[in-house]
Amino acid sequence: MELLLFRHNKPGRCTTFYEYRAEGGFAALRKGLAEYSPDQVQQLVIDSGLRGRGGAGFPTGKKWSFVPRDLPGPRWLICNCDEMEPGTYKDRVLLEANPYALVEGMILAAYALGVRHAFVFIRRGYETAATNLRRAIDEARQAGLLGDNILGSGFSCHIDLHVSAGRYICGEETALMNALEGRRANPRSKPPFPAIKGLWGGPTVVNNVETLANVPAIVLNGPAWFKGLAAIPEAAGTKLFCISGHVRNSACFELPMGITFGKIIDNHCGGMRPGSRFKACIPGGASTPYFTADHFNVPMDFDSVARAGSRLGTGGIVVFDESVCMVAVTLNLVRFYARESCGWCTPCREGLPFVVEILTRIEQGNGTADDIELLREHVRLLNHAFCALAPGAMGPVEGLLRLFEDEIREHILHKGCPFAGAPHYTGGADGK
Amino acid sequence: MPKLTIDTIPVEVPAGTTVLEAARKVGIVIPHFCYHPALGSVGACRVCAVKLLDGPVKGLQMSCMLPAQDGMVVSTTDEEAQAMRRHVIEWLMLNHPHDCPVCDEGGECLLQDFTVAGGHGIRRYQGRKRTHSNQFLGPHIEHEMNRCIQCYRCARFYQEVAGGSDFGVMGSASRVYFGRFRDGELESPFSGNLVDICPTGVFTDKTARFRARYWDYEMAPSVCPHCSLGCNTVPAARYREMLKVMARRNDAVNGWFICDQGRFGNGAVNDPARPRAPHIGGEEASWDDALDRLLFRIGELYDLYGAGCLAVVGSPRLPLEGAVLLPRLAELLGARFLSYFVTTEESTRHTTAVSLLKGDTVASQSDVRNSDCIAIVDCDLMEEGPMLALAVRQAWRQGAPLFLVGKHAPLAQAQAIGVEAVQVDIPEEVPFGIFDRPVIICGARHSTPATIARIMKSGTTPICLLSGPNACGAALLARQHGAVPLAEAIASGQVKGVIGIEADIPAELLEGVPLVAAMDWRPTSLTEKADIILPTTAWVEMDGTFVNAEGRAQRFRRVMQPGLPIRGQGPALHPPRAHRMLPPGNSIRPAWQVIAALLERLGDEPVSEPLGDEWERLRSLDPEGEGICLFTEKEPR
Ligand SMILES: Cc1cc2nc3c(=O)[nH]c(=O)nc-3n(C[C@H](O)[C@H](O)[C@H](O)COP(=O)(O)O)c2cc1C
Ligand code: SF4
Ligand code: SF4
Ligand code: SF4
Ligand code: FES
């Protein structure tokens, strides 16, 4: 299978600038600047069918096309490397192995968008990735690939690395912009959308690390080639899947978009650990509803996973075997979201601790049948929160109610958790 | 103009109006916490949910965030919308301490209203409540964070509207905390508005703590007496004691807010040392005796020193009703001198400013808020008109530059509202020409008459701050009746008697004046010296009119019955042992009525309505309206 993102990876260490260049790196940048107009670069990305890898799968070229061409004043590009969703670590792996594809992709994106100043917003804990990126930015600048008048093309672009102060909500694009401006990381209301009015009021595009790292190969090899990488004709490109949990081999793989879920587990993860049987998984990061063994044949691309009742999200897969209590898993996840709520809107700030309290109650054997309906109401109403954090937090709860209602009822009926040895949560209801 | 339907009522509103505001227009109040007309919509509380049944947008929506559009069919009663609103209340109640019985907000609390209205009564959350510790925020504002519903109104007001930086929101998730980094007095001169703007009982007026419930208050529309801006207020009183002052909305004047001076600086009303009964030579006397005695003493004085050796002295704080009667009083008493101001300087500055007030060329607070360039010339707004600084900040937030001109325009006033200012030496350095709606501000305290005249005639919309709530009225009357400044009159050596009517006259000036009489509600150096004291009512104890610095006449209503407050009465007076219909200390009268009583004694018909002649049109002044601008033909804004 042909690799795109991991093509330049070296076992156990980070690719060097010289290796990347020698292996054809930055050829896309040369080609893009020399042969294509900004609009043509954008068109290539549109035609490639590239969709955002930050979780929502929004078509990248389309997002770029929303930026008004004729507005005076600066416009901005932000690479989102906050990656704090539990179960997701693909951007870290990508940057720890090779930061150059991202730098090259960002320059091309900046070229397409007319951006002269781009930012990378990186999670605080990603120290190795940040070091790599800082080095890559310096090297590119010294080689004349970044900065003023890049490769004599007349196009100038700068990249700044900003290390986040560290909250999950900083990954939400509008909260990210507030954080970058030095404000509290509360999301902004949309509309206006960032493409029209974003960072410091200017048109802004926010893209995920993996999204941008795909751009050079698309420019170099063309949309048709990119589409051909996928396992099914409806999808395009490859996808980083980062797997954790009770599988034999948990790692981050670059695989064709649309590969079936079962193949990922069986062929790439080497199946379940000895003595373990698959029970369920989080298919695409902590905010996506569960998959069960019934979902092994689902192709892992945005549309197919959505049709199967979940979301491809970030491709962060967390696998649970049969010893795991799904109520406890859900409680653990919601507790994370309750803690990471930015505190701006009521449904999330107060509703999530309430859900934590209800799940704690059930897990500890104090639940009643009414609690199931109460959970359902929360799943329904938290959709009306201010941003996508609270609806995302309800993903696992929705999955729990839809796929594991029996397991909840068992907790209620037997006044306790039926999974001996499973992790038990006895802490305070509000997660503090 | 979008046309939409809300609960079957057709509504047409200007483009940009939100569904929440559109509903309000037809009398439907959609619950809201984070929305406030002065702060706008931010979509944080999520309690304003409505269901869009048809039209360009469908489904459950937050009405405060949704611009009204043609063809929308909105239901506020839809089951899903109600469920959302019920849940928001339930969520807010998870941690709320339910301490309404000991909360000063009880009875005037938005949270209480909407909780009761939404029918939330049964607790389903079984966890422990989150608790916070409170902060000491100074002598005026009580802090009780457990009652917070995280609507962010306070932080938005304090930082965005008032430009304060020592208060805001800290923490995240369910631990967000609204306070200061450390305990300490709030620095903003507008901090008291937190009390009004907080929809629940986190910020309450410490000076009125535990004194009364909303339904106990005596309240009336009133006007602030502390400076010449005439901000609109609602004072609240109980048991003849003024408890607190709240801001009253007037879009042309103060908008929604008032300054801390206007809110917390009113202790004098309850001062136990206030003159409560007429006094002659230090002894309590009846009104008849005191008035007769005054006239008798004046007769004696004339016999001794020659007729007319008397000055009748009003002031910038005397309400218009009293001020307009003074010329007649001087005439009937045969007094040679009528004064409204003490010093020559003060007098010329005021008369100059007022003589040049005309047409629609004077800036209101609202004009300042909407201006695109502001110059403050030799004036400290924090002293002469704090709310004008808040207006300046609103313009600055929209991009208007602020220029501080001259050495009496301190930078501190800009810092107090978090505004950057350019300092220049003379007004000519300000590039007014490149702006559409510039305003220029000066003040009678530091600007010379020449400067005032130059500014008022400069062609840039001016406002000159004056020295009291009715200084404009006083200056108009002074011009009209050829009043002389008291200091000049005394310097002539012809003044042997002074009647001060709510006038602040320095004691030195009266040295050697044989007869001093004072009408006042405040204990002053004049009442201390006066042979005859005729006690008057404070503005909250009477109906009256003030004319503010722009020439806007505004009516205030009586808030409370005058009388000795129960609080502070010694055992001799409380519990009352004498049986009577009226409370002790109740016999004080508005200054104009005292003057009218004198006029009657001097042979005039009884005065039932002091505003006559050209003032007559002010009789019908609506205390809840925007006021009447005396100098403009156009409709008041
Ligand atoms: C609560 C929350 C957290 C998010 N965190 C991240 C993140 O860590 N990294 C990321 O790329 N996108 C994150 N997103 C999605 C971004 O808002 C945004 O959609 C994305 O960066 C767009 O990039 P893409 O179009 O390339 O996917 C988050 C969204 C939400 C609501
Ligand atoms: S849903 Fe509301 S509280 Fe939660 S993160 Fe988004 S804006 Fe903040
Ligand atoms: S303190 Fe009051 S105004 Fe501030 S957020 Fe809390 S409830 Fe709202
Ligand atoms: S600005 Fe003046 S009139 Fe307004 S509240 Fe303050 S003191 Fe009173
Ligand atoms: S009033 Fe609409 S969300 Fe608060």
Side-chain angles (χ1 to χ4, degrees), chain A residues 165-170 175 183-191 335-361 364 366-368 370-371 373-375 377-378 380-387 389-390 427-432, chain B residues 33-34 40-51 59-62 64-67 80-96 111 122-131 148-152 155-156 159-160 168-178:
Chain A
R167 292 288 294 181
Y168 173 55
I169 192 61
C170 293
R183 300 168 193 278
R184 280 178 66 82
N186 294 124
R188 300 177 181 177
S189 65
K190 301 186 232 181
R335 186 172 280 167
F336 166 83
Y337 286 104
R339 192 189 71 207
E340 292 298 321
S341 160
C342 81
W344 176 250
C345 72
T346 313
C348 173
R349 184 190 59 243
E350 311 293 341
L352 291 180
F354 197 176
V355 173
V356 167
E357 193 265 329
I358 300 164
L359 288 171
T360 307
R361 214 192 274 172
Q364 293 179 345
N366 302 320
T368 65
D370 291 345
D371 290 339
E373 188 47 37
L374 197 50
L375 284 175
E377 283 170 34
H378 279 83
R380 195 159 47 88
L381 294 175
L382 261 59
N383 273 320
H384 304 293
F386 187 81
C387 85
L389 186 143
D430 50 3
K432 278 161 244 137
Chain B
F33 291 123
C34 63
S41 306
V42 291
C45 73
R46 315 308 272 182
V47 82
C48 63
V50 295
K51 178 86 159 274
L60 199 68
Q61 297 286 339
M62 298 306 136
C64 75
M65 299 297 281
L66 191 66
E80 199 187 342
Q82 288 197 51
M84 180 69 188
R85 300 203 298 260
R86 257 198 322 271
H87 268 271
V88 170
I89 298 285
E90 179 171 4
W91 288 323
L92 292 174
M93 279 291 157
L94 299 188
N95 292 299
H96 191 82
L111 179 63
I122 293 172
R123 188 168 188 75
R124 294 188 284 184
Y125 178 74
Q126 296 172 13
R128 292 170 53 166
K129 288 184 188 182
R130 161 196 68 218
T131 53
C148 179
I149 56 167
Q150 296 88 15
C151 68
Y152 289 75
R156 284 150 62 208
Q159 298 186 341
E160 293 168 23
V169 51
M170 288 162 281
S172 65
S174 66
R175 311 268 344 153
V176 286
Y177 187 90
F178 297 82

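Remember, predicted model here, so these are calculated numbers, not experimental data. Labels below follow one simple rule: chain letters A, B, ... track the order of the sequence lines, proteins then strands, and each chain is numbered from 1.
For the set B:V88, B:I149, B:L60, B:N95, the entry with the most heavy-atom pairs within less than 4.5 Å of chain A is B:L60. Per-residue heavy-atom pair counts under 4.5 Å with chain A were compared for B:A49, B:G59, B:G171, and the maximum is reached by B:G171.
You'll find the side chain of B:L92 reaches within 4.5 Å of the side chain of A:T346, heavy atoms only. Looking at A:E377 and B:E90, their side chains never come closer than 4.5 Å, going by heavy atoms from C-beta outward.
For A:A185, no part sits under 4.5 Å from any heavy atom of chain B, backbone or side chain. At a 4.5 Å heavy-atom cutoff, B:M93 makes no contact with chain A through either its backbone or its side chain.
To the nearest 0.5 Å, atoms CZ (A:R339) and OG (B:S172) are separated by 9.5 Å. Atom CD of B:Q126 sits about 9.0 Å away from atom CD1 of A:I358, to the nearest 0.5 Å. A distance of 13.0 Å separates CE of B:M62 from OG of A:S189, quoted to the nearest 0.5 Å. Atom CZ of residue B:R124 and atom CG of residue A:D371 lie 9.5 Å apart, to the nearest 0.5 angstrom. One finds the CG atom of A:N186 at 5.0 Å from the OH atom of B:Y152 (value rounded to the nearest 0.5 Å).
Under the side-chain contact (heavy atoms from CB on, under 4.5 Å) criterion, B:A44 pairs with A:W344, B:C34, B:V42, not counting sequence neighbours. With sequence neighbours excluded, no residue satisfies salt bridge (Lys or Arg N to Asp or Glu O under 4.0 Å) with A:R380.
A salt bridge between B:R46 and A:E350 is absent, with no side-chain N of the basic residue lying under 4.0 Å from a carboxylate O of the acidic one.
Of all heavy-atom pairs between A:R349 and B:A173, the closest is CG-O, 3.4 Å. Scanning all heavy atoms of the two residues, the minimum distance from A:R184 to B:V176 falls at NH2-CG1, 3.7 Å. The two residues A:P347 and B:M84 have their closest heavy-atom pair at CG-CE, 3.9 Å.
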